[in-house]
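The analysis underlying the following values was restricted to heavy atoms, covering all of them including side chains, and did not include hydrogens, waters or symmetry mates. Position 1 is the first residue of the sequence, and the numbers go up from there.
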Amino acid sequence: MDTAPSLVPYSELAEATDGFSDARIVGRGGFGPVYNAEWRGTRVAIKVLDGTGLQGVREFQREVHVLFQCRHPNIVPLLSFSMEPGRSLCLLYPLMAHGALDELLRDAGRRATFDAAARLRCAIDA
């Protein structure tokens, strides 16, 4: 992606997640639920910041800026975001079909396909 992620209307995200249906939740991040959706023809994960944490609009804007600047093969790129007054703050990422890295590292059954050398490379890169 060569341009900055664009601001997306909250209504698009509500439609893509069937009104932020619990059936679409694929996980929970530190700030709120993460939804599986299709948005503009792409499978995405929509991270919704629930507003109960210390994350304010300024911090959210800073996070969007930093995430856009981070480009690395082991970092999921930020596609877009939503921040309408009176609505939840949202971040959109490509959906990672195999789940989160932290889950992979904790799951002994799945870890067999992710050897020690690969885990070390990810840790060093991070």
Side-chain angles (χ1 to χ4, degrees):
M1 176 169 51
D2 294 330
T3 60
S6 61
L7 190 61
V8 168
Y10 185 84
S11 60
E12 278 188 38
L13 305 184
E15 182 178 332
T17 58
D18 300 326
F20 295 98
S21 167
D22 287 348
R24 291 214 173 248
I25 294 176
V26 293
R28 293 211 177 264
F31 294 105
V34 179
Y35 296 85
N36 173 2
E38 183 162 330
W39 172 76
R40 297 182 182 178
T42 302
R43 296 303 304 172
V44 295
I46 300 174
K47 178 180 174 183
V48 177
L49 304 170
D50 64 16
T52 60
L54 299 176
Q55 182 100 352
V57 173
R58 267 192 153 142
E59 290 80 9
F60 177 80
Q61 290 171 326
R62 223 173 284 130
E63 183 172 346
V64 167
H65 178 75
V66 168
L67 289 171
F68 173 68
Q69 298 300 320
C70 293
R71 296 287 178 242
H72 189 278
N74 293 333
I75 297 177
V76 179
L78 178 66
L79 296 176
S80 196
F81 62 98
S82 178
M83 53 180 289
E84 292 182 14
R87 303 286 190 170
S88 295
L89 303 172
C90 301
L91 299 171
L92 282 79
Y93 299 94
L95 183 67
M96 304 309 293
H98 299 292
L101 179 61
D102 66 327
E103 293 170 6
L104 177 64
L105 294 174
R106 285 186 301 217
D107 184 344
R110 292 176 60 201
R111 216 176 12 225
T113 61
F114 193 61
D115 66 18
R119 290 196 306 271
L120 180 59
R121 278 193 305 277
C122 284
I124 289 169
D125 285 346

Which atom names give the shortest non-hydrogen contact between [X] and [Y], and what distance separates them?
X   : Y   : answer
Y10 : C90 : CE1-SG, 4.1 Å
P77 : P94 : O-CD, 3.1 Å
P33 : R28 : CB-NH1, 3.4 Å
L92 : I46 : CG-CG1, 4.0 Å
E38 : A16 : O-CB, 3.4 Å
R24 : A37 : NH1-CA, 3.7 Å

Checking T42 side chain against V44 main chain: does a donor-acceptor pair fall under 3.5 Å? no

Looking at S6 and S80, would you say the former's side chain and the latter's main chain have a donor-acceptor pair under 3.5 Å? no

So do the side chains of [X] and [Y] get within less than 4.5 Å of each other, counting heavy atoms only?
X   : Y   : answer
V8  : L79 : no
F81 : L67 : no
T17 : W39 : no
S21 : Y35 : no

At what distance, to the nearest 0.5 angstrom, does [atom1] of [X] lie from [atom2] of [Y]?
X   : Y   : atom1 : atom2 : value
R43 : N36 : CZ    : CG    : 4.5 Å
L89 : Q61 : CG    : CD    : 9.0 Å
S88 : F60 : OG    : CZ    : 10.0 Å
L78 : Q69 : CG    : CD    : 11.0 Å

Between L95 and F20, is there a shared hydrophobic cluster once you connect ILVMFWY residues whose side-chain heavy atoms come closer than 4.5 Å? no

